[in-house]
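Below is one structure, written out as structure tokens; the observations come after it.
Here is the naming used below: chain letters follow the sequence lines, and residue numbers restart at 1 for every chain. Just the heavy atoms: all of them, side chains too, but no hydrogens, waters or symmetry mates, feed the values below.
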Amino acid sequence: GAGVSQTPSNKVTEKGKYVELRCDPISGHTALYWYRQSLGQGPEFLIYFQGTGAADDSGLPNDRFFAVRPEGSVSTLKIQRTERGDSAVYLCASSFGGGDEQFFGPGTRLTVL
Amino acid sequence: AQTVTQSQPEMSVQEAETVTLSCTYDTSESNYYLFWYKQPPSRQMILVIRQEAYKQQNATENRFSVNFQKAAKSFSLKISDSQLGDTAMYFCAFMPFLSIQGAQKLVFGQGTRLTINP
């Protein structure tokens, strides 16, 4: 694909449920980032992958959040025991290398009822 | 820790006018990048312009230019001949450059909602 894609575009779930959000980066991009954007705020960093490994996961808010990138391409953000405060738009971005322009996907809007 | 502050929550101008969006940041890093991103209602973040801190010359991209004042830690965006399609949220962002690992995460401001009126 030409750009970063994220699925689903919208996800509604109930409090306490488990959700997975998927990100397909631009082909050949080794760096992948997850950000969370709450309503009316700027995006906040969650985690950064260089290849298959998480180079920086300092932004993950607690141990209910986990992300993987097993083959160095597609990444999945996993949220356990969702809470209403997890409602936000989750943005994924990728770049050719760690210092290059980050290209963003359209985001997944997560709503926890 | 780095912080980015955008003091203008909303701005509105007439089409064809020039508008300037303000941004200040706080960091102890000496090497870093600064960015302006545009986010239309589609949610897609689009890079508008980028500035390397070591470059004294202000970046320019067509109708978009910046005023980078390193000592004052200020990075404003000027949009000339504004167009209806410029209506969007605009985010200022900072990225420290770590020479070993390379640049990493973006730190965003709170955003400025810009409306261009016909």
Is [X] atom [atom1] crowded by more than 12 heavy atoms from other residues, nucleotides or ligands, each under 6.0 Å away?
{"X": "A/Phe65", "atom1": "CZ", "result": "yes"}
{"X": "A/Asn62", "atom1": "CG", "result": "yes"}
{"X": "A/Arg109", "atom1": "CZ", "result": "no"}
{"X": "B/Gln14", "atom1": "CD", "result": "yes"}
{"X": "B/Lys78", "atom1": "NZ", "result": "no"}
{"X": "A/Leu113", "atom1": "CG", "result": "yes"}

Which atoms of B/Phe35 come close to chain A, meaning under 4.5 Å heavy atom to heavy atom: side chain ones, backbone ones, both, or neither?
neither
Okay, B/Gln6 and chain A: the region with an atom under 4.5 Å from a heavy atom over there is neither
Out of A/Pro106, A/Ser58, A/Ala93, return the one with the most heavy atom pairs under 4.5 angstrom to chain B.
A/Pro106
Side chain, backbone, both or neither: which part of [X] has an atom under 4.5 Å from a heavy atom of chain B?
{"X": "A/Leu91", "result": "side chain"}
{"X": "A/Glu44", "result": "neither"}
{"X": "A/Ser38", "result": "neither"}

Minimum heavy-atom separation for B/Arg43 and A/Ser9, please, with both atom names.
NH2-O, 3.1 Å
How far apart are the closest heavy atoms of A/Pro43 and B/Met45, and which atoms are they?
CG-CE, 4.0 Å
Are [Y] and [X] connected into the same hydrophobic cluster when the rule is that any two of I, L, V, M, F, W, Y join if their side-chain heavy atoms are below 4.5 Å apart?
{"X": "B/Tyr32", "Y": "B/Val66", "value": "yes"}
{"X": "B/Phe68", "Y": "B/Met95", "value": "no"}
{"X": "A/Ile47", "Y": "A/Tyr90", "value": "yes"}

Hey, does A/Glu101 have a side-chain heavy atom less than 4.5 Å from the side chain of B/Tyr33?
no
Quick one: are A/Tyr33 and B/Leu106 in side-chain contact, heavy atoms under 4.5 Å?
no
Rounded distance (nearest 0.5 Å) linking atom CZ of A/Phe103 with atom CG of B/Leu47
8.0 Å
Nearest-0.5 Å distance, OH of residue A/Tyr35 to CZ of residue B/Phe108
5.5 Å
Pick from A/Tyr48, A/Phe45, A/Trp34: which one makes a side chain to side chain contact (heavy atoms under 4.5 Å, CB included) with B/Lys105?
A/Phe45
